[in-house]
Amino acid sequence: MARARRPLDDYRGKRDFGRTPEPAGGAGPSSAGATRFVVHRHEARNLHYDLRLEHEGALLSFAVPKGFSDRPADKRLAVRTEDHPLEYLTFAGRIPEGEYGAGAMTVWDEGTVRWLPDDDAAAALREGELKLLLDGRRLRGEWHLVRTKPDERHWLLFKSKDRYVGPGRDAARRVDLSAAPRAPLPKRVRRAEPAETVAPFTDPERLYELDLDGRRVLVETDLPPDGPATRGATAARIGGGPRGASSREASAARGASSREASAARGATGVRFRGLRGGRAALAPVVDALALLRARRALLDGVLVVQGPDDRPDRALLDEVLAGRASGDLLLYLFDVLHDDGLDLRPLPLRDRKAVLRDMLPEDPGPLLFLDHVVGAGEELARATAAAGLPGLVAKRADAPWRGGPTDDWSRVRVPSADATSRGSVRERLRLDADARPAPRVSNPDKLLWPEDGVTKQDLVDWYAGVADVLLPYLADRPVHMDRRPDGIHGKAFYQRHVTESLPDLLATVEIAGRDDPAPKPHFVCGDVASLLALANLASIDLHPWHSRVGSLESPDWAVIDLDPKGAPFAHVVRLAKDVGRLLRGIGLRPLLKTSGKTGLHVYVPLAEGYGYETVRMFCEAVARLVARSRPEIATVERSLAARGGRVYVDFGQNRRGATVVPPYVPRPVPGATVSAPLAWDELETDLTPADFTIRTMPDRLAERGDLFAPLLTDRQELEPALARLEEVVRDG
DNA sequence: GCACAGC
DNA sequence: GCTGTGCGAGTAACA
DNA sequence: TGTTAC
Ligand SMILES: [Mn+2]
Ligand SMILES: [Mn+2]
């Protein structure tokens with residue numbers, strides 16, 4: 001997009017400023033000081049991130065659909081979009097439906113940018129290669145944008161190799177640092193201490209850490225922007241070796257200001273506040289710290305040496321630091337107070353620890369993240385005692401950092417164990433904090449039942465909860481979907497065939513139609529994962545066949561559907577009683593459930609081998625018999641007009657490829673009602689199908705169990721019933 | 001939900 | 001990018 | 001053959 005003569009014409013042309021809260025842009029604030037950038041998180045039809053760079057009085061904008069990756073190997077598409085006015089630097093708000101870019105726009109990152117190498121943006125744009133040095137709350141270090149040949153608007157965005165490279169592929173997972181004030185790294189802080197020592201206790205608001213026996217240290221770093229050229233630079237230098245040539249070149253390539261800063265840094269850029277000496281022993285720790293994913297950091301931790309029994313040994317530590325003994329130092333880190341110009345002390349501890357975890361290099365060497373257990377204090381205390389470790393520190397997860405003795409921390413004494421129990425320090429530090437393999441739900445907050453506040457996530461949760469009881473009724477059956485991507489009031493579409501774009505974890509079976517002999521793939525839902533995948537497709541209910549793969553021509557049950565379509569439910573109840581009485585009268589044991597909407601379904605589980613035609617004829621006889629005996633409230637007429645307010649006794653679904661919803665599926669009607677199996681003695685006129693909903697069914701299921709279970713076990717012969725049915729027909 | 005064409 | 005659009009079933013009874 | 005209902 002070549003810049004127009006009036007650069008914001010494009011921007012203004014797309015927007016109606018009477019409707020959108022976005023700034024029209026006028027006399028933009030003149031650029032003073034550092035060049036700014038902003039990244040908006042834009043929940044438009046498709047979530048994406050908009051990178052906007054201040055340039056010649058406007059914001060040069062790129063949309064990045066897949067967000068930012070810390071790995072240089074991940075190239076992300078960035079599409080050049082129209083320039084935005086400078087006022088957009090601080091814009092956040094909701095663009096109304098119908099406007100350009102409708103959806104929530106939030107500031108995801110902001111900070112300053114320098115265009116490398118010479119801060120010459122115009123030249124870089126001409127060449128189609130931008131190198132940006134970002135100093136934001138989330139995006140740091142050098143990023144690279146390269147224009148693609150095939151499409152001038154398309155660029156590739158990727159991380160340049162520097163200390164900020166990391167394993168993260170997903171921008172969305174980064175910790176939100178918007179609450180951290182910008183401030184210089186504090187010169188002096190009092191170290192935080194537990195105010196009291198207490199017995200083990202359990203508190204879900206606490207993070208429990210091991211209280212390690214070592215030397216508490218506060219680590220301050222002032223590192224160069226690039227990582228060191230090689231690992232082990234400090235160890236080599238202390239050993240008398242020269243500085244690597246490549247490292248010198250990298251240093252020379254940096255700007256003058258960087259060289260000046262480097263003069264002010266200590267030799268290594270790492271200071272251990274309040275720790276004298278031990279330089280040689282600390283060299284591997286310093287080398288590891290040189291790889292931190294931050295230049296300026298203030299970290300809290302404890303230096304430890306493992307004794308012969310693997311437990312921290314304070315006496316040995318002192319000897320090692322004094323150079324009188326050899327041993328490998330470990331630095332356990334448990335807090336971060338400052339991160340590249342951001343004062344993290346106001347943030348909750350759990351966020352600070354997340355930042356710290358993210359800050360450690362991929363190859364941390366002797367640096368360890370002191371992990372925690374959430375809530376389970378007494379349990380961890382027992383494990384700690386068993387490992388022969390001295391105790392725990394319980395810290396309030398929500399507390400900001402406070403120096404000196406603080407009530408936010410409590411030291412927890414654990415009873416000392418006998419010396420025979422042992423355990424390695426590393427082994428005992430198991431992380432449990434956030435391991436949850438949850439399948440991704442797209443649009444989890446989409447209201448599927450808007451009146452009931454039931455979301456797509458709720459639907460998926462419902463299916464996860466009933467999977468055990470529902471899956472047997474789906475096993476091996478082709479299943480159709482009635483998809484409602486826009487909720488129960490939105491446009492629906494029915495889907496029988498697997499198309500290219502659907503999740504490939506779904507099992508399929510090729511089935512030919514009656515006239516169309518070309519087999520088409522149908523869904524088969526055999527496990528929780530595929531059940532949840534169907535729910536994620538906004539398939540509110542499911543529509544399995546009555547027959548299974550391998551015997552597709554042979555239904556496993558007969559079904560009669562009582563459909564009121566406006567008729568009183570009391571009539572449905574009376575007819576269901578009739579159907580039940582008739583079926584029992586000819587020796588069958590029928591099952592009953594609500595349809596989940598306004599009707600009732602009566603099932604008879606069948607022995608193997610009956611064809612659809614036989615079953616349909618049987619149901620037709622039953623339906624006609626019942627309808628004839630109550631002509632004022634029942635009909636077998638298919639035509640809506642001919643029904644005249646009577647209940648439709650539908651036997652026509654006993655057909656290959658036809659479906660009736662199984663028990664335990666929710667229906668796309670207000671109330672989020674569920675198809676609910678009933679005991680026959682529940683069939684009274686005060687029965688209210690609307691009582692069985694996504695919210696009430698779990699309790700009912702727990703109390704009554706699966707009332708439909710006989711469907712799969714109580715399989716019945718039709719011949720005797722057919723014989724007796726003929727008698728009934730003859731005798732009236 | 002997604003792919004496509006068009007801007 | 002962003003928007004708009006189209007696409008996603010099959011059968012059988014009956015007029 | 002198109003329409004209607006599931
Ligand atoms: Mn956008
Ligand atoms: Mn029905």
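As the structure is a prediction and not an experimental result, all values here were calculated from the model. So you know, we letter chains A, B, ... as the sequences are listed, proteins then strands, and number each from 1.
Candidate nucleotides B:dG1, C:dG1, D:dC6 were compared by shortest atom distance to the side chain of A:Ala63, and C:dG1 ranks first.
When each of A:Phe68, A:Trp115, A:Trp155, A:Phe158 is checked for a ring-ring contact (aromatic ring centres under 6.0 Å, His included) with A:Trp143, only A:Phe68 meets the rule. Tested against A:Tyr88, the residues A:His40, A:Arg52, A:Glu22 include a single side-chain hydrogen bond (donor to acceptor under 3.5 Å, both in side chains) partner, A:Glu22. Each of A:Arg496, A:His543, A:Gln495 was scored for a side-chain hydrogen bond (donor to acceptor under 3.5 Å, both in side chains) with A:His480, with one residue passing: A:Arg496.
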- Along nucleotides 4-10 of chain C, 5' to 3', which nucleotides get a B, which get an S, and which get a -, given that the test is a protein heavy-atom distance under 4.0 Å? BB--BBS

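For A:Lys565 and D:dC6, the shortest distance from a side-chain N or O to OP1 or OP2 is below 4.0 Å.
The residue A:His154 sits apart from the nucleic acid: no heavy atom pair falls under 4.0 Å. Using a 4.0 Å heavy-atom criterion, one finds that A:Arg643 contacts the sugar-phosphate atoms exclusively.
Comparing the C1' positions of C:dG10 and B:dG1 gives an interatomic distance of 23 Å, to the nearest angstrom. With C1' as the reference atom, D:dT4 and C:dA9 are 15 Å apart, rounded to whole Å.
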Please write out the pairs of protein N or O atoms and N or O atoms of nucleotides 5-7 of chain B separated by less than 3.5 Å, giving the distance to one decimal.
none

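For A:Arg643 and A:Tyr648, the positive end sits near the middle of the six-membered ring, less than 6.0 Å away and at most 45° from its axis.
A donor-acceptor distance shorter than 3.5 angstrom exists from the side chain of A:Ser61 to the backbone of A:Leu59, with no hydrogens or angles considered. Judged by distance alone, with hydrogens and angles left aside, the side-chain atoms of A:Ser595 form a donor-acceptor pair with the main-chain N or O of A:Lys597 at under 3.5 Å.
Regarding A:Tyr11, its OH atom lies at a distance of 19 Å from the P atom of C:dG1, rounded to whole Å.
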